Student: 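First, the structure itself, so that you have it in front of you.
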Amino acid sequence: MSYNPQKIEAKWQKFWKTKKLYSVKDLEKGRKNFYHLVMFPYPSGDLHIGHWYNFAPADVYARFKRLQGFNVMSPMGFDAFGLPAEQAAIKRKIHPEKWTLNNIKTMVNQFEAMGNIYDWSRMIITCLPEYYKWNQWIFLKLFEKGLAYRKKAPANWCDNCKSILANEQAEGGKCWRCEGPVEQKEIDQWLLRITDYADRLLEDLDSLDWPERTKIMQKNWIGRSEGAEIEFPISNSNLKIKIFTTRADTVPGVTYLVVAPEHSLIKTLEARIRNINSVREYLDRARRKSELERMTESKSKSGVELQGITAINPFTKKEVPVWVSDYVLAGYGTGAIMAVPAHDERDFEFAKKFGLQIIQVVSDDGKSNELKEAYTGDGAMVNSKDLDNLPNNIAKDRIIEMINGKKKINYRFHDWLISRQRYWGTPIPIIYCKKCGAVPVPEKDLPVLLPKISDYTPEAGKSPLARSEKFVKTKCPKCGDPAERETDTMDTFVDSSWYYIRYTDPKNSKSLADIKKVKEWLPVKMYIGGAEHAVMHLLYARFFTKFLYDEGLINFQEPFLSLRHQGIILGTDGQKMSKSRGNVVDPDELVSKFGADSVRLYLCFMGEYHLGGPWNPTGILGVHRFLNRAYQFVGKFSKPVSKTSKNKEAVEHLLHKTIKKVGDDIELQKFNTAISALMVLLNEMEKNPENCTKEMAESFLKLLAPFAPHLTEELWNNLGNKKSIYLESWPEYSKKYIIDEKVELIIQINGRLRDKLLVARGMQQLEIEEMVMKSEKIKQALNNAKPKKIIFVADKLINLVV
RNA sequence: GCUCUCGUGGCGGAAUUGGCAUACGCGCGUGGCUUAGGACCACGUCCCGCAAGGGUUAGAGGUUCAAAUCCUCUCGAGAGCACCA
């Protein structure tokens, strides 16, 4: 009999479907609920091998949990709004909805071929009104609480995508989607006040079982810093320049101020700036520079002095010049800084270049020295009048008080900008009325349907929806006057910020989810997805969860208790897979050659899950051979076998050790070593089939079941079992088999292996020493030398030091 | 530039966390069995050496009875941050 995966897999996929084996009830007697979730995919067309890597090993974990006795919910859906649908639609001249829903159909079929445990009755598609209605509903709640607001401000603009981006999506001056350069553009936009939640978002990180790296990234992104706001009066004027600093102790060393090119002061004091022409020229140049250029040119600083304008150092009362430079960011703090060249590297560099004064005020040896570089450490105050010799950390608070500074906490991140000037997204449910202003659409009128229009090509700064008169023209819900709808749509990250809640109650038309079901399932126990979402999706989702908690709609404050990242599969050449490189691995082809079980198994076996790595085209042969051998071996037990197994002890020991190892490893998502343990077990059983029993073969199948669901169902059935193997439970190991009675003890001389000894567990040192001295090898190696010292580790080793 | 993580055969990778380095698999070699398929089976496969033995975890040094694992430096790779005042 030969292993025919194609036949077996189709058969069992049908079986699972007709038996509804994976549709999950909200409550099952005697079983604990376990919510297992993988980040839902974008419906891009076909499942590629990267998708397989995200979903198949994650499914191994879910199946393992199910076998352990949990009532596992593992739902799947599609993050269906977004730019690529529009772009594909424009290119192919079909409606984005049609394109998206077609893709979803294909992908659902491909998912079924993967043999996953998904409960398709809970599927979510975010571009359908039944889903995005609740985006709008949540938006209105945020609006009601003042957490959604409209503002005209410079925003990140990607000219390729013709859209505004959130800061999280414009990292490093590049668009997260197309990698094109990001420019600044003034535009009216909707923002969500995520910064109100900054401290909670920071504090609650500690309680999460997340990769440390990811937590650090979120911490850095939020970027909390404690400091003070200090005002510097402008000479001969009532105006003041407000700055933010974390080093108030260095105020005595402030020798100039710098404002960002966008700072309002320049315009206000235009008339007094003597060199206004060269200042304007500088501002022009700075504006033309893209964010990217500003960063790459960060090495050499540029700037112009605002001649005719000086400020007063509030500590020394001395006049200091004011400069404009693009090394100061408009978006952080107040857009202006106090410069302390002696104690800040950037200021030092700037001062050196433009010949500005450098005054040391903190010193590690209490003396004022010639500085070759900025001194950023702690020390005692110098050149600071009465404060001299005081530790700088104490001087800090003293100075803030003396100069009427205000303690302040600043955050690096900004409010979340959600307006998108695009068609394929959730309409923002706001109506503009000349009399009443921005009026929320009443709840009863939700959803505001996305109209079917025929021309959704983007236009700079304006949503395609603005061209649909039918959509735009409406009546003010408050006063009934003619009014206009908001035409921007929401960032698709809004959709994914709460979808995990919707899975618990996906068809609810009365609320986003029934609180009873929410309590039954949430928070998510295990969440799996790419590390690239560390500061986007994962931060937004945490924010939404906290908001919905505050609204009393859910009973938990963190959505994902445990988080794991998968790695990325690279092409055979070690490069990122792409069609242009021609190094794309086609999973469908592999499935038709080797079967889905082999593909699943190989993806788990190829290395550490969170690392990924290059694809090895012959590697899959190894696991395929293994499955084939398992098929042949277990097949032997489908007929009654003689019960003469004489020496099953040895195999029994190994089996129990394997049960422990495979369970422990899957729990840690170390799938590769779990599989290698299964291989070792099968190798051993194959060598001694006469010492194996049917029960052993059954245990082996259960251990293999999470990895190779189709094959194990087939073999389980062949052994005479009528019900699915997934209605069984994970085998238990007994301690007596885990601990061997005899252990192999290593004998070392000076730390080098010389001999081995098989001894009873727990044997004492003296007894062992005696045995060691009788060993020929040891006698020879010792060559009559007497051990000076003997190190003994029970059941492990004895080391003779000569 | 800064921070973090990591460097183990021809390749993917193991190593109970300081205690037998190279498990498991790929590839390769030899032989067998097959009328060929990316099949299967057996044996071998870190380096030097006929052997006894010796050497080996990027490189150099250190701590220790004992180091892939801990410390220091150098080199290399990956990730994150990159004017955040």
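Just so it is clear, the structure is predicted and the values come from calculations on it, not from any experiment. Per chain, numbering begins at 1; letters A, B, ... match sequence-line order.
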Student: Look at the side chain of A:Leu329 and decide which nucleotide, out of B:rU16, B:rC83, B:rC20, has an atom nearest to it.
Tutor: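 For the A:Leu329 side chain, the nearest candidate turns out to be B:rC83.
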Student: With the 90 degree cut-off around zero defining syn, does B:rG9 come out syn or anti?
Tutor: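 Syn, since the glycosidic angle lies within 90° of 0.
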Student: Taking syn as within 90° of 0 and anti otherwise, name the glycosidic form of B:rU17.
Tutor: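 B:rU17: syn.
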Student: Do any side-chain nitrogens or oxygens of A:Asn220 fall under 4.0 Å of OP1 or OP2 in B:rU3?
Tutor: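 Checking B:rU3 against A:Asn220, no side-chain N or O comes under 4.0 Å of OP1 or OP2.
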Student: Show the numbers, then the answer: is there a side chain to side chain contact (heavy atoms under 4.5 Å, CB included) between A:Phe350 and A:Tyr256?
Tutor: CA-CA 11 Å; A:Phe350 193 80; A:Tyr256 61 96; 3.4 Å; yes
Student: Looking at B:rA42, which nucleotide sits across from it as a Watson-Crick or G-U wobble partner, both distances under 3.5 angstrom, or is there none?
Tutor: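 Across any shown strand, B:rA42 pairs with B:rU30.
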Student: Salt-bridged, A:Lys407 to A:Asp397, with N to O below 4.0 Å?
Tutor: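 Here A:Lys407 pairs with A:Asp397 in a salt bridge, since their nearest N and O are under 4.0 Å apart.
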Student: Side-chain N or O of A:Arg412 versus OP1/OP2 of B:rA82: is the shortest distance under 4.0 Å?
Tutor: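 Answer is yes, contact under 4.0 Å.
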Student: Below the 4.0 Å mark, does B:rA14 have OP1 or OP2 next to a side-chain nitrogen or oxygen of A:Asn672?
Tutor: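 Answer is yes, contact under 4.0 Å.
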Student: When you compare B:rG76 with B:rC28, how far apart are their P atoms, in angstrom units rounded to a whole number?
Tutor: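 Per the computed distance, 34 Å lies between those P atoms.
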Student: Please determine, for B:rU35, whether a Watson-Crick or G-U wobble partner exists with both distances under 3.5 Å, and give it or none.
Tutor: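 Here B:rU35 is not engaged in any pair, so there is no nucleotide opposite it.
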Student: Counting side-chain heavy atoms from C-beta on, which of B:rC26, B:rC83, B:rC81 comes nearest to A:Asp326?
Tutor: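 Closest nucleotide to the A:Asp326 side chain: B:rC83.
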Student: Answer yes or no: are there more than 12 heavy-atom neighbours, outside A:Lys353 itself, under 6.0 Å from its atom NZ?
Tutor: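 Yes - once you tally the heavy atoms of other residues, nucleotides and ligands closer than 6.0 Å, there are more than 12.
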Student: On a whole-Å scale, what distance lies between the P atoms belonging to B:rC70 and B:rC4?
Tutor: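 Each nucleotide's P atom is 15 Å from the other's.
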Student: Can A:Asp415 and A:Thr195 be counted as having a side-chain donor-acceptor contact under 3.5 angstrom?
Tutor: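 Looking only at side-chain atoms, A:Thr195 and A:Asp415 do form a donor-acceptor pair, the distance falling under 3.5 Å.
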Student: I need the CD-P distance between A:Gln218 and B:rC81, as an integer number of Å.
Tutor: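 It is 12 Å, rounded to the nearest whole Å.
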Student: Check this for me: does the side-chain of A:Lys788 come within 3.5 Å of the base of B:rC65 through a donor and an acceptor?
Tutor: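 Such a pair does not exist between side chain and base.
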Student: Let's test this: given Watson-Crick or G-U wobble pairing with both distances under 3.5 Å, identify the partner of B:rU72.
Tutor: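 Its partner is B:rA60 (Watson-Crick or G-U wobble, both distances under 3.5 Å).
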Student: Could you check how far CZ of A:Phe633 sits from C1' of B:rC40, rounded to whole Å?
Tutor: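 Atom-to-atom, A:Phe633 to B:rC40, this comes out as 17 Å.
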Student: If you measure from the C1' atom in B:rA21 to the same atom in B:rU16, how many Å do you get, rounded?
Tutor: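 It works out to 15 Å between them.
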Student: Taking the P atom of each, how far is B:rG55 from B:rC71, in whole Å?
Tutor: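 The answer is 26 Å between these two P atoms.
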Student: Between B:rG62 and B:rG31, how many Å separate the two P atoms, rounded to a whole number?
Tutor: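 My reading of the P atoms in B:rG62 and B:rG31 gives 49 Å.
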Student: Report the relative orientation of the aromatic rings in A:Phe671 and A:Tyr609; use parallel for angles under 30°, tilted for 30 to 60°, perpendicular for over 60°.
Tutor: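 The rings of A:Phe671 and A:Tyr609 stand perpendicular, inter-plane angle above 60°.
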Student: How far does the P atom of B:rC50 sit from the matching atom of B:rU34, given to the nearest Å?
Tutor: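 It works out to 38 Å between them.
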Student: Taking only the side-chain nitrogens and oxygens of A:Arg754, find out if one of them lies under 4.0 Å from OP1 or OP2 of B:rG54.
Tutor: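 Answer yes for this pair, as a side-chain N or O of A:Arg754 is under 4.0 Å from OP1 or OP2.
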Student: Taking the nucleotide of RNA chain B with the closest heavy atom to each, which residue, A:Ala336 or A:Arg213, is nearer the 5' end?
Tutor: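 Closer to the 5' end of RNA chain B: A:Arg213.
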Student: What's the closest nucleotide to the A:Arg629 side chain, out of B:rG25, B:rG27, B:rA85?
Tutor: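 For the A:Arg629 side chain, the nearest candidate turns out to be B:rG25.
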Student: Between A:Arg564 and A:Asp209, does at least one N-O distance fall below 4.0 Å, as a salt bridge requires?
Tutor: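 Result for this pair is yes, salt bridge flagged.
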Student: As a test of reading the structure: which of B:rC83, B:rC24, B:rG19 is closest to the side chain of A:Gln748, going by heavy atoms?
Tutor: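 Nucleotide nearest to A:Gln748's side chain: B:rG19.
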Student: Check the distance between B:rG19's C1' and A:Leu757's CG and give it to me in whole angstrom.
Tutor: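 Between C1' of B:rG19 and CG of A:Leu757: 16 Å.
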Student: Using atom C1' of each nucleotide, how far apart are B:rA66 and B:rU74 to the nearest Å?
Tutor: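 Going atom to atom, C1' in each nucleotide, I get 26 Å.
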Student: Consider the side chain of A:Asp344, meaning its heavy atoms from C-beta on, and name the nucleotide among B:rC24, B:rA85, B:rG27 that approaches it most closely.
Tutor: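 Output: B:rA85.
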Student: Under a 3.5 Å cut-off for both distances, is B:rC50 Watson-Crick or wobble paired, and to whom?
Tutor: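 Here B:rC50 is not engaged in any pair, so there is no nucleotide opposite it.
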Student: For A:Trp52, does the six-membered ring have the charged nitrogen or CZ of A:Arg600 within the cation-pi criterion, i.e. under 6.0 angstrom from the centroid and within 45° of the normal?
Tutor: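 Not satisfied by the 6.0 Å and 45° rule.
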Student: At less than 4.0 Å, is any side-chain N or O atom of A:Thr673 found next to OP1 or OP2 of B:rA23? Yes or no.
Tutor: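 Indeed not, no polar side-chain atom of A:Thr673 lies that close.
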Student: Using atom CG of A:Asn683 as one end and atom P of B:rC43 as the other, report the distance to the nearest whole Å.
Tutor: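 These atoms are roughly 11 Å apart.
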Student: Where the side chain of A:Ile791 is concerned, which of B:rA39, B:rG54, B:rC65 is the nearest nucleotide?
Tutor: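 Among B:rA39, B:rG54, B:rC65, the one nearest the side chain of A:Ile791 is B:rC65.
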Student: Using the six-membered ring wherever Trp is involved, compare the ring planes of A:Trp323 and A:Phe354 and label them parallel, tilted or perpendicular (cut-offs 30° and 60°).
Tutor: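 Judged by the thresholds at 30° and 60°, the geometry between A:Trp323 and A:Phe354 is tilted.
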Student: To check you understand the geometry: which heavy-atom pair defines the closest contact between A:Leu570 and A:Met577, and what is its length?
Tutor: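 Result for this residue pair: O-CE, 3.4 Å.
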Student: How close or far is atom P of B:rA79 from atom CD of A:Glu212, stated in whole angstroms?
Tutor: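 Going from CD in A:Glu212 over to P in B:rA79 covers 20 Å.
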Student: Could you work out which one of B:rG19, B:rC83, B:rC24 sits closest to the side chain of A:Lys301?
Tutor: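 Side chain of A:Lys301 sits closest to B:rC83.
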Student: Could you work out which one of B:rC20, B:rC24, B:rA39 sits closest to the side chain of A:Ile746?
Tutor: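 Of the options given, the side chain of A:Ile746 lies nearest B:rC20.
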Student: Touch check for A:Lys670, heavy atoms < 4.0 angstrom, all strands: base, sugar-phosphate only, or nothing?
Tutor: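 Sugar-phosphate, backbone atoms only, no base.
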Student: Using a cut-off of less than 4.0 Å, is there contact between a side-chain N or O of A:Lys756 and OP1 or OP2 of B:rG19?
Tutor: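 Result: no.
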Student: If we call it a pair only when both distances are under 3.5 Å in a Watson-Crick or G-U wobble match, what pairs with B:rC81?
Tutor: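 Its partner is B:rG1.
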Student: For B:rG13 versus B:rA82, give the span between their C1' atoms, rounded off to a whole number of Å.
Tutor: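 The same atom, C1', in both gives a distance of 34 Å.
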Student: So, OP1 or OP2 of B:rA66: does either fall under 4.0 Å of a side-chain N or O from A:Arg752?
Tutor: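 Result: no.
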Student: Would you kindly give the CD-to-C1' distance between A:Glu231 and B:rA85, to the nearest whole Å?
Tutor: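 So the CD-C1' distance, A:Glu231 to B:rA85, works out to 17 Å.
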Student: Can you tell me if A:Lys789 touches the phosphate of B:rC65, counting only side-chain N or O atoms and a distance under 4.0 Å to OP1 or OP2?
Tutor: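 Yes, within the criterion.
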Student: When the distance from CD1 of A:Ile749 to C1' of B:rG53 is rounded to whole Å, what number comes out?
Tutor: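 The distance from CD1 of A:Ile749 to C1' of B:rG53 comes to 14 Å, rounded to the nearest Å.
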Student: Any strand counts, and the cut-off is 3.5 Å on both contacts for Watson-Crick or G-U wobble. Which nucleotide pairs with B:rG25?
Tutor: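 Base-paired to B:rC11.
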Student: For B:rA67, which nucleotide is its Watson-Crick or G-U wobble mate, given both distances must be under 3.5 Å?
Tutor: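 Result: none.
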Student: Can you figure out which of B:rA85, B:rA14, B:rC65 approaches the side chain of A:Thr246 most closely?
Tutor: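 Of the candidates, B:rA85 comes closest.
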Student: Quickly work out the A:Asn4 CG to B:rG37 P distance and round it to whole Å.
Tutor: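 From A:Asn4 CG to B:rG37 P: 17 Å.
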Student: Let's see if you can work this out: which of B:rA14, B:rG25, B:rG19 has an atom nearest to the side-chain heavy atoms of A:Asn799?
Tutor: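 It is B:rG19.
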Student: Scan every strand shown for a Watson-Crick or G-U wobble partner of B:rU17, both distances under 3.5 Å, and answer none if you come up empty.
Tutor: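 Pairing partner: none.
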